[in-house]
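Before any comments, here is the structure.
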Amino acid sequence: MSSLQTKLHNKTRERDACQSIILQYHHLLSPLGLLPNDILAIIFGYCLPDSRCATFNTNEPPILLSLICRHWQLVAYNSPELWASLHIQFPSYTDSPDSEYIRPHFQVQVIHHQAAISQWLYHSGSFPLSISLYLLVNSYSAPIEYYQGYLDILLSVTH
């Protein structure tokens with residue numbers, strides 16, 4: 001039994017020594033992790049589109065930046081300037097709204113979209129906003145009451 005304990009103790013010391021060495025060089029693996037959060041937030045700001053408002057696209061900042069790692073997510077979410085512009089493309093029917101499938105599906109889509117907008121605006125804090133709106137109007141446009149929630153959300157952040 002004591003020989004097993006000795007081996008376990010030796011292996012534990014080896015592991016601890018390896019972890020110590022890894023920690024010494026960890027900064028080389030992630031030099032951005034050494035930057036202060038305010039500097040990282042400034043760099044993130046330079047990633048934003050400058051000719052249009054940001055969109056709900058996971059392949060573009062600021063959402064993309066918040067998906068890289070937990071640290072970047074915290075920096076992005078706590079940098080209201082990253083969330084100060086938003087292009088809102090309202091969902092629209094692509095087929096006849098009389099379909100039994102389309103109407104409930106569309107209602108769920110609108111609810112999720114409005115929740116995402118609310119979350120985006122929450123991250124913007126009290127930073128001045130730039131918002132662009134787009135609604136595709138076609139022969140299957142949704143009744144105006146579907147869009148009342150959007151107006152309520154936008155009015156809640158006006159000063």
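All of these numbers come straight from a predicted model, not from anything done at the bench.
- Note: Arg13 CZ to His9 NE2 = 4.5 Å, rounded to the nearest 0.5 Å.
- Ser66 and Ala76 get closest at one heavy-atom pair: CB-CB, 4.2 Å.
- Between Val110 and Pro91 the shortest heavy-atom distance is CG2-CG, 4.0 Å.
- In this structure, the separation between CD1 on Ile88 and CD1 on Ile153 is 8.0 Å, given to the nearest 0.5 Å.
- Residue pairs meeting the salt bridge (Lys or Arg N to Asp or Glu O under 4.0 Å) criterion with at least one partner in residues 38-54, sequence neighbours excluded, are Arg52-Glu60.
- Remark: Gln73 pairs with Arg70 by the side chain to side chain donor-acceptor pair (under 3.5 Å) rule, at least two apart or across chains.
- Two rings, from Phe90 and Tyr134, have their centers 6.0 Å or more apart.
- Aromatic rings from His113 and Phe56 are positioned such that their centres are separated by under 6.0 Å.
- The line from CG of Asn37 to CG of Leu74 is 8.0 Å long, rounded to the nearest 0.5 Å.
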Ile63 and Asn57: CA distance, side-chain angles, deciding distance, side-chain contact (heavy atoms from CB on, under 4.5 Å) verdict: CA-CA 7 Å; Ile63 294 176; Asn57 188 334; over 6 Å; no

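- For the atom pair OG1 (Thr55) and CD (Gln89), the distance works out to 9.5 Å, reported to the nearest 0.5 Å.
- Taking every heavy atom of both residues into account, Pro128 and Ala84 meet most closely at O-CB, 3.4 Å.
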Please tabulate, one pair per line, all N/O donor-acceptor pairs under 3.5 Å involving side-chain atoms of residues 114-122, not counting sequence neighbours.
{"unit_1": "Ser118", "atom_1": "OG", "unit_2": "Gln114", "atom_2": "O", "d": "3.1"}
{"unit_1": "Gln119", "atom_1": "NE2", "unit_2": "His123", "atom_2": "NE2", "d": "3.4"}
{"unit_1": "Trp120", "atom_1": "NE1", "unit_2": "Trp83", "atom_2": "O", "d": "3.1"}
{"unit_1": "Trp120", "atom_1": "NE1", "unit_2": "Ser85", "atom_2": "O", "d": "3.3"}

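- Taking CZ of Arg15 as the start and CG of Asn10 as the end, the distance is 13.0 Å to the nearest 0.5 Å.
- Residues satisfying the side chain to side chain donor-acceptor pair (under 3.5 Å) test with His87, not counting sequence neighbours, are Ser132.
- Nearest heavy atom pair, residue Leu64 against residue Asn59, reads CD2-O, 3.7 Å.
- Gln148 pairs by the side chain to side chain donor-acceptor pair (under 3.5 Å) definition with Asp152, not counting sequence neighbours.
- In this structure the side chain of Thr58 reaches within 4.5 angstrom of the side chain of Leu67, judged on heavy atoms.
- Cys53 SG to Leu133 CG: the interatomic distance, rounded to the nearest 0.5 Å, is 9.0 Å.
- Looking at every heavy atom in both residues, Pro61 comes nearest to Ala54 through O-CB, 4.1 Å.
- For Phe44, the ring pair (Phe, Tyr, Trp, His ring centres under 6.0 Å) partners are Trp72, not counting sequence neighbours.
- Judged by distance alone, the side chain of Ser79 and the main-chain N or O of Val75 form a donor-acceptor pair under 3.5 Å.
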